[in-house]
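What you see below is based on every heavy atom in this structure, not just the backbone, and it leaves out hydrogens, waters and symmetry mates. Below, chains carry the letters A, B, ... as their sequence lines are ordered, and counting in each starts from 1.
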Amino acid sequence: MGQQYLDTGWLGVAVTATIVAFILFNIYRARGGKELFIRRIPGLTAIDEAVGRATEMGKPVVMVPGLGDGTVNAKSLQALNIFSYVSRVAAKFATPIIVCCSNASLFALAQEVIRDVYQQEGVLDRYDMDSVRFISDRQFAFAAGVSGLVLRQQAAAAFLMGEFYAESLIMAETANSVGAIQVASSTETTQTPFFIAACDYVLIGDEFYAASAYLAKQPVLVGSLIGQDWGKAFLGFCVLVGTLVSSVQLLGSTTQEFKEGKMNTIPERIMKKSDTFFSRMLNPDPDPKIEITREKYPADQLPTPAPKETIK
Amino acid sequence: MDYTFIKMTLGVLATVGLYSVLYRENKFYRFWEHVFLGLASGWALVILWTETLKSTWWDKMLGATNNSGQASVMGYWAYAALLPIGMMGYFVFSKKHNWISRIPIGIILGMYSGQQIQVWWNRFGPQIDNSIKPILPTSTASFFKPGTSGLAPDAVAKINSTVYPSQAITNIIFVVTLLSVMSYFLFSFDIKSKMLKNTTTLGRWLLMIGFGAIFGSTVMMRFTLLIDRMYFIWIEWFKMLVLRQPG
Amino acid sequence: MADATTPEMSLGEKLQALPKWSLYVVLVILTSVPLFAKLEVPNKPVEASIDFYGKIMAVPDGSRILVGSDWTNSTRGESKGEMKVLLRILMRKNVKFAFYCFDPQAPQVVRDTIREVNAERIARQEKPYRPFDDYVSLGYFPNAEGTCNAINNNLLAAFSGKKDTPENSGPKDVFESPVFAGVKSVKDFQLLALITASSTNTVTLERIKKIPLLFMVTGVMVPENQNYYASNQIVGLAGGLKGVYDLEQLMEHGINNPGPEMIPSSKWGVVPGFKGALNSGMGTAYYPTLHFALLLLIVAILTGNVGMFLAKKQAKKGAA
Amino acid sequence: MIHFYSMMADVDPKSFWNGTNNSPELIAMIAITTILGFIVLGFLMVAPIQLRKYVIAAVTFLSGLFYVAFYLFPVPVGRKPQDVPANIVESVGFWISDTQPVVANFSNIIGGFLLGLGIYSQLHLHIRRITRQQTDWGFSVVLIVSMVAIVICGYGDWIMRQGPKGSELQLQSKWGLLNYGSDLLFDGLLQQMDAAMFSMVAFYILSAAYRAFRARSLEATILLIAALIVVLSLMGALEYVWNGGINNLAQNDANSFIQNFRLTDIAKWLKDTIQTPAIRGIDFGVGIGLLAMGLRLWLSLETTGGNQ
C-alpha cells in the first residue's frame, strides 16, 4: 500500500474521482445534444449593455483578465473566454478594445484568441495588434499602468475579471471616476466586497465560472457546469449526513479507540469527535512504524563525496 | 548631500507623484507612472536570468560543484528541451504558424490543471471534516457553556468536550449557513420550488455578512499600509533625515 | 462624478456629496499626526494569535524550524512587523531556521529585517544571529506550487544546489550549514512558519502536509485563513497589524501568566513572556494611529447614510 | 561530517536522467536534446493542419498526466536513502517522486522564456509612439530610458556580486557606480513606488465606503452592519471600554453569561459562525469550478476563446 493512501486514505481519491466522474458524465450528456437547463445569471446582460454604451460614446472597452501567478492559469483563461465574447460583440460594432495583460504567457494567448475572434467575425482588418497589451508583470506597476490607461482613454466600460488582489479597488475606483460601466468578478473571495462596493455588476464566487458557460453556450461548458452542481450538491449532502450521524453518535459512549492503524479496546468513556465514523474516515491515522527494507545502490553509482576539509 | 538622502528623497517624490492622481490625472503622475512601468519591466528582465533561469534552469541543467570542485549536484539534461519549447511561443506573431505558440502554453496549462486535481482534496478534505459539527446537545445541565476561569484543568477539559444547547444552536447556524450559501451557487436547478428559492435568498444574506466581515478586516490592512507610508515620509524622511532628529 | 457641491443642494444631498479630496486630506492628517505622539492602547489578543504564540514557544530551544517568507516592501507595514516578532522569539529561544521565498525581492527584505533585529540585540549586549551558522537563506523559488510539492515530497532535492554566503567567505552549499545537520526530510523541522502577503498561503497548505503550519498573513487574508485555522489546517495565525500587536503584548505578558495584565486562555497552561526584553515594535507604533483612520471611515459611512435619510425625508416632504 | 555525504547521495543517485557537472556525456546529452528540440520544431512548422489540434491536446494531456500520476500513483512506503526499488510498481513510484522536483520549475522556466513577448509588445507600442511623435511620446522615452537603465545597472551589479570580490559588496563603502545605480533604481524607486501604489488603496477604500456603503436595501444594510461590527472590534481601545462595561454589568464575575456579549466575543461569534462557513461555501464552489476547468483544459475538452 502506498504512503499517499496511508496519509490521505482512499477517501480523498474516491471523492475527487466521484466529482470528476460527475463532470465528465454531464459533459458527455451535453455533447450528446441533450438540452440542459442553466439558470440566468444576473449581471450578464450588463455585458452587452456595457459594450453598447461604449459603442454609442465611441470610447474603448477595457478588459483586464486579472493578475495570475507569473504564468497563465485556468482563472485568466476563464476570463479570456468571457472576453472573447465581449470582443466578438465589440468587433461587430467596431468598438475599440484594450486588453491589459499582466504576464507574457497570458499576453501571447490573449493576442491569439482575440485575433481569432476578429478573424471569425471576418473583420481582421479592424484588429489592432496593440489592442492587446502587456502592461507589467509587477502587481502595482500593472495597477498604475491600467489606471493611467483608463483615465487617459476615458474608457466607457471596464471588465475586471479573474484573479484580482489588492489592485482590484485601485482599478475599480479609477474606472468609476471616469464614469465607466463596470462588470467585475474576482476568484479571490477577499476582493469581492470591494467590487460589490465600487462596481455596477459583480459576479460572485463561481458565477464567474458559470458565466462563460452561459455566454458561449458550448455544450461542454454547460455540461461541466451541471457536473459541478452535482459535485456541490454531493458535498452538501455529505456534510448534512455527516452532521446528523456524528451528532447522534456523540450522544453515546465508546469502549474502542482507533490509534496509529490499530483499534484498541479502552475503558468505557463518552464519545469524542475523533471516535465518530466520519471523523475516522476523514482522518486516517496510519501506523507510523511501517518499515520496508530494500537493497541499496552500490556506492560507485553515487556522486563522489566532497573531501572532509571543505565541510565545516 | 549623502546618498541615503538622495535615495529617500527620490522615494518621497515618487510617492507624492503617484498620490497626485488621487486629485486628477496629471503630467507629474504620468511621468512617474512611466518610470514605474519601465523599471518594472527592466527589473523583470534582470531577475529573469539572475533569479529564475540561472538557478532553476541553467544550474540544474549543468549540475553544480562545491568549493573543492567536486560534484555536489547532478545536472539534468532534460532541461535543455525547454529552450526550443520556449521559443515556440514566439510564433504567436506569425500569420502562418501562430498555432505553434499554443504548445508552450499547453504545457503550462497542462501542469496547472494536473495540480488542480492533485491538490483538491488536500485543501477541501479537512474543511469538510471541520464542517461536520454536533448539532445535538450532549448535556442540558446549562443552556450556555459555563465559564471556565479558575477551574481545574480536567474540569475545563470536560466542559470543553461537552456540547451545550447554545453551542448546538451555533453549530446548526454554521451548517445552515454553509449549505444555504452553497445552494446559492447551484446554477442548473430551476428556482421554482419555494424552498430552494428561500434558501438561496438566505444564502445571499449570509454571504453579505461574510463580505461585511471581510471588508472590516481588510480595512485594517489598507490603513496600516497608508500609516506605514506616512511613517516613511514623516518620521524616516522628514524627522530623521531632514530635521536630523532621532526617531 | 458626485464631486461638485452646488449651493442650492439640501443638507442631505450635501452630506452625500462631500468632495473626495476633502476626505483624502483628512485621512492623511489623521494617519500622520498621531505618529508623532507616543500613545498606548489596551488590547485583548484573539485566540488565533494566542495559539500562534503558544505553538512557537512550544518549539524546543536550540531546535530548528522552516520559515517561508513571501512579502516585500509593498506590505512592509504589516509583514515586517510580523517578521520582526517571529525573529525576536526565534533568536531568544536560539531556534535555528532556514528561510525560502516565493518572491524575488523577499530574500533581501528578510536579510535587512534580520540585520535590524541583530542591531537591537547587539545594542542590548545579546549575541547576534550569524548567517549560515544560525540561519540559512535558501533564496528565491520561482514556482511556489512545484516547490511546495517538492519540499513535502523530497526536501533535499527541493533545496539542492542552493548556496548561501557566510560572514567573510564565499558562497557555500546550504547543506554544509549546521542548520541542515542531519536533516533528511521536512519532518526534521519542528514546524513551518509562513509570513505571506500573497496566495502562497493556500499553495502551501494544499501541498505541505507533513509538519504543522503557522501563518502570519496580512489583514486582507485574515478571513480566508480564519477558515483554515478553524479546520486545523494551520495551528496558529497572526493576522495583520492586530496580530502583530497581539503578539507583541503576548511577548510582554505571556499566556496565563499571573499578574495585573494576565492574558487568559483555557487552551494553554502558563506560557512565559519575555518581560523586560524589547517587545514593543511596529504593532505598538502603528496600532494607536489605526484607531483614528478607522474612526474616520466610520464617520464617513455614517455621514453618507445620514445624508441619504435626510434627502429621503426631503423628497417625501416635496411629494406631500 | 557524515550526514553531508549521505545527504548528497539522497539528493541524486546517478541515473539515466542526470550526469556529473561538466562531464562530456552530460554536455553531449544537452547538445543532443537541444538539437532534437529544434528539429521537432522544424517538423511542427510543416505539420499538416488537421494534426495541429492533436499535437496541442497531447502535449497538454501529458504535462497534466504527470501531476495526476504524482497524486494517484502509490508512493512507496518508508523509502530510505539509496534504496533500490523492489519491483516495477516501486520503480515507477520512485521515478515519479524523484522527477517531481525536476518538473517543478518547468512552467516558470517556459514562462520565463516567454517574457520577451511581453517586453516586445511594450517596446513595439512605445517606440512607434516615439517615431510617430504621437501624444505623450516624451513619456514613452522616459519608460524606455528607465527600462534600459535598470537592466544595465541590475546586470552589472549582479555580475560584480557573482565575481571574486562579491562578498565585499556587502559593505556600501566598496560600491561602484553600477551598484549605487541598481540600489537606487530598485530599492530607492521601484520598491517605494510599489508601497506607494499599494497604500493608495486606503484612499480608495475610504471613498468607496463613503459612496457605496448606504443602507439602501436589506442586503446592503446587512453588509454595512457586519462590516461596522468587525471594524469596531479591531479598535482595541473601544473594545476595552465596551468589555469593561460588560464586565461591570456582570459584577466582575468572569463566568457570568453576560460576558458573552463582550465586543470581542460578538465579533468572534460572527467570524466563526457566519463568516467562516460563508467563505467556505464560496470556496467549495470555486474549488470545484477550478477542478472542472482544470479537467477541461487537461483533456482539451473546450476550445479556448469560446469559438462559435
Side-chain angles (χ1 to χ4, degrees), chain B residues 7 10-11 14-15 18 34-36 38-39 41-42 46 50 52 56-57 63 65 71 74-77 80-82 84 86 89 99 102 104 106-111 113-116 118 120 144 147 149 173-174 177-178 181-182 185 206 208-210 212-213 215-216 220 222-223 225-226 229, chain D residues 12 18 20-21 26 29-30 33-34 37-38 41 52 56 59-60 63-64 67-68 71 105 107 109-110 112-115 139 142-143 146-147 150-151 154 158 188 190 192-193 196 199 201-202 205 219 222-223 226-227 230-231 234 254-255 257 273-275 277-278 281 285 290-291 294 297-298:
Chain B
K7 184 175 160 184
L10 266 176
T15 308
L18 289 176
H34 284 77
V35 173
F36 198 0
L39 290 178
S41 304
V46 174
T50 62
T52 306
T56 59
W57 181 64
T65 51
M74 300 299 247
Y76 285 82
W77 48 265
L82 296 177
W99 72 277
R102 280 293 185 95
I107 294 178
I108 292 174
L109 288 174
M111 294 193 165
S113 19
Q115 290 198 35
Q116 294 314 315
Q118 177 213 344
W120 190 84
F144 286 93
S149 75
I173 299 177
F174 182 101
T177 310
L178 177 65
V181 167
M182 283 174 82
F185 290 108
L206 292 162
M208 289 306 146
I209 298 184
F215 182 92
M220 164 174 73
R222 306 308 191 216
F223 283 151
L225 296 186
L226 177 62
R229 230 8 22 203
Chain D
D12 329 339
N18 60 21
T20 324
N21 174 247
L26 179 65
M29 283 306 264
I30 290 174
T33 322
T34 322
F38 279 104
L41 181 49
R52 299 175 173 181
I56 298 169
V59 166
T60 317
S63 18
Y67 275 104
V68 176
Y71 173 48
N105 292 318
S107 50
I109 297 169
I110 297 174
F113 283 127
L114 295 180
L115 179 64
F139 293 109
V142 173
L143 186 147
S146 31
M147 190 192 296
I150 199 168
V151 167
W158 180 74
L190 193 52
Q192 298 297 351
M193 292 202 229
S199 60
V201 180
I205 274 195
E219 263 179 43
I222 295 173
L223 187 81
V230 175
V231 170
L234 287 172
N255 292 343
F257 143 71
T273 319
I274 309 279
Q275 173 195 311
L290 211 48
L291 182 67
L297 286 174
W298 179 41

side-chain contact (heavy atoms from CB on, under 4.5 Å) for D/Trp158 and B/Val46? Distances and angles first, verdict last.
CA-CA 9 Å; D/Trp158 180 74; B/Val46 174; 5.6 Å; no
Please step through side-chain contact (heavy atoms from CB on, under 4.5 Å) for the pair B/His34 and D/Met147, ending with a clear verdict.
CA-CA 10 Å; B/His34 284 77; D/Met147 190 192 296; over 6 Å; no
Going through the distances and angles, do B/Ile173 and D/Ile274 end up as a side-chain contact (heavy atoms from CB on, under 4.5 Å)?
CA-CA 8 Å; B/Ile173 299 177; D/Ile274 309 279; 3.8 Å; yes
Given side-chain contact (heavy atoms from CB on, under 4.5 Å), test D/Leu26 with B/Trp77 step by step and report yes or no.
CA-CA 6 Å; D/Leu26 179 65; B/Trp77 48 265; 4.1 Å; yes
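One distance of note links OG of B/Ser41 with CG of D/Leu115; it measures 8.0 Å at 0.5 Å rounding. With rounding to the nearest 0.5 Å, the separation of CG in B/Leu18 from CD in D/Gln192 is 11.0 Å. Rounded to the nearest 0.5 Å, atoms CG (D/Leu223) and CE (B/Met208) are 6.5 Å apart. For the atom pair CG (D/Leu291) and OG (B/Ser113), the distance works out to 10.5 Å, reported to the nearest 0.5 Å. Of the inter-residue distances, the one linking D/Ile205 atom CD1 with B/Arg222 atom CZ reads 5.5 Å to the nearest 0.5 angstrom. Here the CG-CG distance, from D/Asn105 to B/Leu82, works out to 10.0 Å after rounding to the nearest 0.5 Å.
Between chain D and the options B/Ile209, B/Thr15, B/Leu39, B/Thr177, heavy-atom pairs under 4.5 Å are most frequent for B/Leu39. Comparing B/Gly114, B/Gly42, B/Gly212 by how many heavy-atom pairs each has under 4.5 Å with chain D, the most go to B/Gly212. The choice from D/Gly188, D/Ser146, D/Gly281, D/Gly285 that makes the most heavy-atom pairs within less than 4.5 Å of chain B is D/Ser146. Residue with the most contacts toward chain B among D/Thr34, D/Val68, D/Val231, D/Ile110: D/Ile110 (heavy-atom pairs, distance under 4.5 Å). Ranking D/Val151, D/Val201, D/Leu190 against chain B, the residue ahead of the rest is D/Leu190, based on heavy-atom pairs under 4.5 Å. Interface remark: of the candidates D/Gly294, D/Ala226, D/Ala278, D/Ser63, D/Ser63 forms the most heavy-atom pairs closer than 4.5 Å to chain B. Note: B/Trp99 leads B/Trp57, B/Phe185, B/Trp99, B/Phe174 in heavy-atom pairs under 4.5 Å with chain D. Of all the listed residues (D/Gly64, D/Pro277, D/Gly112), the one sharing the greatest number of non-hydrogen pairs under 4.5 Å with chain B is D/Pro277.
Looking at every heavy atom in both residues, D/Thr60 comes nearest to B/Gly106 through CG2-O, 3.5 Å. The minimum heavy-atom distance between D/Tyr67 and B/Gln115, with the atom names listed, is CZ-NE2, 3.3 Å. Taking all atoms of both residues into account, the shortest heavy-atom contact from B/Thr56 to D/Ile109 is O-CD1, 3.4 Å. The two residues B/Ala80 and D/Thr33 make their nearest non-hydrogen contact at CB-CB, 3.9 Å. The shortest heavy-atom contact between D/Val230 and B/Ala213 is CG2-CA, 3.6 Å. Shown here for B/Phe215 and D/Ala227, the closest heavy-atom pair between the two residues is CD2-CB, 4.0 Å.
For D/Leu234, the part lying under 4.5 angstrom from a heavy atom of chain B is the side chain only. Proximity to chain D is limited to the side chain of B/Val181, based on heavy atoms less than 4.5 angstrom apart. Only the side chain of B/Trp120 comes within less than 4.5 Å of a heavy atom of chain D; its backbone N, CA, C and O stay farther away. Both the backbone and the side chain of B/Phe36 come within contact range of chain D, each with at least one heavy atom under 4.5 Å from a heavy atom of that chain.
The shortest side-chain heavy-atom distance between B/Val35 and D/Met193 falls under the 4.5 Å cut-off.
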